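As the structure is a prediction and not an experimental result, all values here were calculated from the model.
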Amino acid sequence: LNMETKDISEVKAEEEDESQDRIIEVTAEQSAKFYGQVVPRDQIPRKKKDLKIDFRELTEHNVGQLRTLLDKTLPVTYQNDFYNRLTSFQRYSKLGYFKDILIGAIT
């Protein structure tokens with residue numbers, strides 16, 4: 001039975017050398033040759049999910065949400081009169097919600 005005694009630093013150095021030996025750099029072309037032909041992104045079959053958007057009326061209760069949405073997404077600031085006019089012509093304004101979160105508006 002042959003037993004070697006090694007210093008702990010020698011063992012750690014050997015382990016590091018072994019782990020570095022396992023790292024291999026591979027180009028995209030080499031990967032494609034190994035795994036098969038490269039498929040263009042638009043040809044990958046994807047599972048489409050339905051996006052359920054609820055459209056709701058603009059009311060005095062949710063006009064604050066619309067104001068926040070427009071302030072955060074548009075480079076202009078509207079006066080209070082603009083929002084008052086929108087609530088008086090409700091049939092021309094709809095709000096789009098996804099999972100009860102306002103994501104868009106049609107005014």
Side-chain angles (χ1 to χ4, degrees):
L1 192 63
N2 184 6
M3 296 182 65
E4 289 184 43
T5 307
K6 292 184 181 180
D7 186 15
I8 190 72
S9 59
E10 291 177 42
V11 173
K12 286 184 180 180
E14 287 177 7
E15 288 176 359
E16 287 176 7
D17 289 341
E18 289 175 9
S19 66
Q20 289 178 356
D21 290 340
R22 291 185 218 141
I23 299 172
I24 301 171
E25 292 186 25
V26 179
T27 65
E29 292 81 19
Q30 291 170 330
S31 178
K33 286 179 185 176
F34 181 78
Y35 289 109
Q37 190 175 15
V38 176
V39 178
R41 181 173 274 238
D42 61 341
Q43 293 180 4
I44 298 173
R46 298 186 186 270
K47 195 174 189 180
K48 293 184 180 180
K49 296 181 181 179
D50 291 334
L51 184 63
K52 177 94 169 91
I53 298 176
D54 296 321
F55 290 98
R56 301 179 192 164
E57 301 289 329
L58 176 65
T59 65
E60 294 175 5
H61 301 290
N62 58 15
V63 73
Q65 291 178 344
L66 175 64
R67 180 188 303 263
T68 302
L69 178 72
L70 296 181
D71 286 345
K72 299 293 182 185
T73 57
L74 297 179
V76 296
T77 304
Y78 293 106
Q79 302 296 322
N80 288 337
D81 183 52
F82 172 78
Y83 296 103
N84 292 336
R85 284 185 284 143
L86 286 179
T87 55
S88 63
F89 297 106
Q90 291 179 357
R91 72 178 193 182
Y92 297 112
S93 298
K94 298 286 184 193
L95 302 179
Y97 289 86
F98 176 71
K99 295 186 178 180
D100 290 329
I101 299 172
L102 181 63
I103 60 167
I106 301 170
T107 58

* Asked: Closest approach of G96 and I53, non-hydrogen atoms and distance?
  -> CA-CG2, 4.1 Å
* **Worked verdict on Y78 versus L86 for side chain to side chain contact (heavy atoms under 4.5 Å, CB included)** => CA-CA 11 Å; Y78 293 106; L86 286 179; over 6 Å; no
* Steps toward side chain to side chain contact (heavy atoms under 4.5 Å, CB included) verdict (K94, R56) -> CA-CA 6 Å; K94 298 286 184 193; R56 301 179 192 164; over 6 Å; no
* Asked: Of L95, N80, T87, T68, which is the lone residue that meets side chain to side chain contact (heavy atoms under 4.5 Å, CB included) with V63?
  -> T87
* In terms of hydrophobic clusters joined by side-chain contacts under 4.5 Å, are L74 and L69 together? -> yes
* Evaluate side chain to side chain contact (heavy atoms under 4.5 Å, CB included) for V76 paired with F82, printing each intermediate quantity in order. => CA-CA 12 Å; V76 296; F82 172 78; over 6 Å; no
* Asked: Is the count of non-hydrogen atoms from other residues, nucleotides or ligands lying under 6.0 Å from Y92 atom OH greater than 12?
  -> no
* To do: Treat each ILVMFWY residue as a node, draw an edge where side-chain heavy atoms are under 4.5 Å apart, and state whether F98 and I106 are in one component.
  => yes
* To do: Would you mind checking if D54 and K52 are paired as a salt bridge, meaning a charged N to carboxylate O distance below 4.0 Å?
  => yes
* Over all heavy atoms of both residues, which pair between L66 and A105 is shortest? Give the atoms and the distance, please. => CD1-CB, 3.4 Å
* To do: Could you tell me whether the side chain of N84 and the main chain of Q79 form a donor-acceptor pair under 3.5 Å?
  => no
